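One structure below.
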Amino acid sequence: MNVRKISWLALFVALSVIGGMIKVPAPISSVALDSFPALVAAVLLGPAAGALTGAFGHLVSALMGGFPMGPLHIIVAIEMAGVIWLFGKLYTAGNKWSASLFFILLNGLVSPAPFILFLGIPFYISAVPAITIAAAFNGIAAYVLIPRIAPVFAKRYGRLHA
């Protein structure tokens, strides 16, 4: 990894942390707009960089919310990394619409499902609307803005991921 890519990765992580400060009203205080910078990073820097940005962004968002689910946030960070990695793979393969749709569905509906085992069905039912709204905002923003950001980024800085 070169210095330029590390610098961009640090910038996207910082933007994800800022997005983590913008909370969506939800039963858990870690639902925030921290995914959009990670989605952009997954396209511009590569799926792995986006996954790292998303995982770190979630952990910082959870920290600012007081870690309401305790160590279970590590599971959420791993899920976030996987979903954003998949988004990056699909988007860079040319499946832009399906990448955004899968991100919204996986992040909003599927990722909270394992927590039924730990926190019960009422938690799932109460958390899914807010998580899905946040995922939709992040996914739609990525779908609309990445095609406008990517050409400028590529012209100025070239392609940073292989």
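No experiment lies behind these values; they were computed from the predicted model shown.
Residues satisfying the side chain to side chain contact (heavy atoms under 4.5 Å, CB included) criterion with Ile121, sequence neighbours excluded, are Ile116, Ile125. Applying the side chain to side chain contact (heavy atoms under 4.5 Å, CB included) criterion to Ser98, with sequence neighbours excluded, gives Asn95, Phe102. Listed by chain and residue number, Leu9 satisfy the side chain to side chain contact (heavy atoms under 4.5 Å, CB included) test with Leu52 (two or more places apart in sequence, or in another chain). Scored by the side chain to side chain contact (heavy atoms under 4.5 Å, CB included) test, Ala48 finds no partners at all (sequence neighbours excluded).
Inter-residue side-chain proximity for Val24 and Leu33 is flagged as met; some heavy-atom pair is nearer than 4.5 Å. Within the 4.5 Å cutoff, no side-chain heavy atoms of Ser35 are placed close to those of His58. Contact annotation: the side chain of Phe87 approaches that of Ser100 to within less than 4.5 Å [non-hydrogen atoms, C-beta and beyond].
Ser16 contributes a side-chain N or O that, together with a main-chain N or O of Asp34, makes up a donor-acceptor pair within less than 3.5 Å. At distances below 3.5 Å, at least one donor-acceptor pair connects side-chain atoms of Lys5 with backbone N or O atoms of Leu45. The main-chain N or O of Leu109 is found under 3.5 Å from a side-chain atom of Tyr124 such that the two form a donor-acceptor pair.
Relative orientation of the Trp8 and Phe153 rings is perpendicular, given thresholds of 30° and 60° on the angle between their planes.
Distance check, rounded to the nearest 0.5 Å: CG of Leu90 to CH2 of Trp85 gives 9.0 Å. A distance of 9.0 Å separates OH of Tyr91 from CG of Leu44, quoted to the nearest 0.5 Å. Considering CZ of Phe12 and OG of Ser7, their distance stands at 12.0 Å, rounded to 0.5 Å. The distance from the CG atom of Leu72 to the CZ atom of Phe118 is 5.5 Å, given to the nearest 0.5 Å. Distance CG/Leu11 to CD1/Ile6: 14.0 Å, rounded to 0.5 Å.
Closest approach of Gly19 and Ala32 over heavy atoms only: O-CB, 3.7 Å. Across Ala42 and Gly88, no two heavy atoms sit closer than the pair CB-CA, 3.8 Å. Between Tyr143 and Lys96, the closest heavy-atom pair is CD1-O, 3.8 Å. When all heavy atoms of Gly65 and Pro68 are compared, the pair lying nearest together is O-CD, 3.8 Å. Looking at every heavy atom in both residues, Ala55 comes nearest to Ala77 through CB-O, 3.6 Å. Of all heavy-atom pairs between Glu79 and Pro114, the closest is OE2-CG, 3.4 Å.
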Could you give the side-chain donor-acceptor pairs of residues 127-142 under 3.5 Å, partners two or more places apart or in another chain?
{"from": "Thr132", "atom 1": "OG1", "to": "Gly108", "atom 2": "O", "distance (Å)": "3.2"}
{"from": "Thr132", "atom 1": "OG1", "to": "Val128", "atom 2": "O", "distance (Å)": "2.7"}
{"from": "Asn138", "atom 1": "OD1", "to": "Phe36", "atom 2": "N", "distance (Å)": "3.1"}
{"from": "Asn138", "atom 1": "ND2", "to": "Ala134", "atom 2": "O", "distance (Å)": "2.9"}

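Under the 4.5 Å side-chain heavy-atom criterion for Ile, Leu, Val, Met, Phe, Trp and Tyr, Val144 and Ile104 are members of the same hydrophobic cluster.
Remark: Phe115 CZ is packed, more than 12 non-hydrogen atoms of other residues, nucleotides or ligands lying under 6.0 Å away.
Under a 4.5 Å side-chain heavy-atom cut-off, the cluster of Ile, Leu, Val, Met, Phe, Trp and Tyr residues that includes Ile78 is completed by Ile74.
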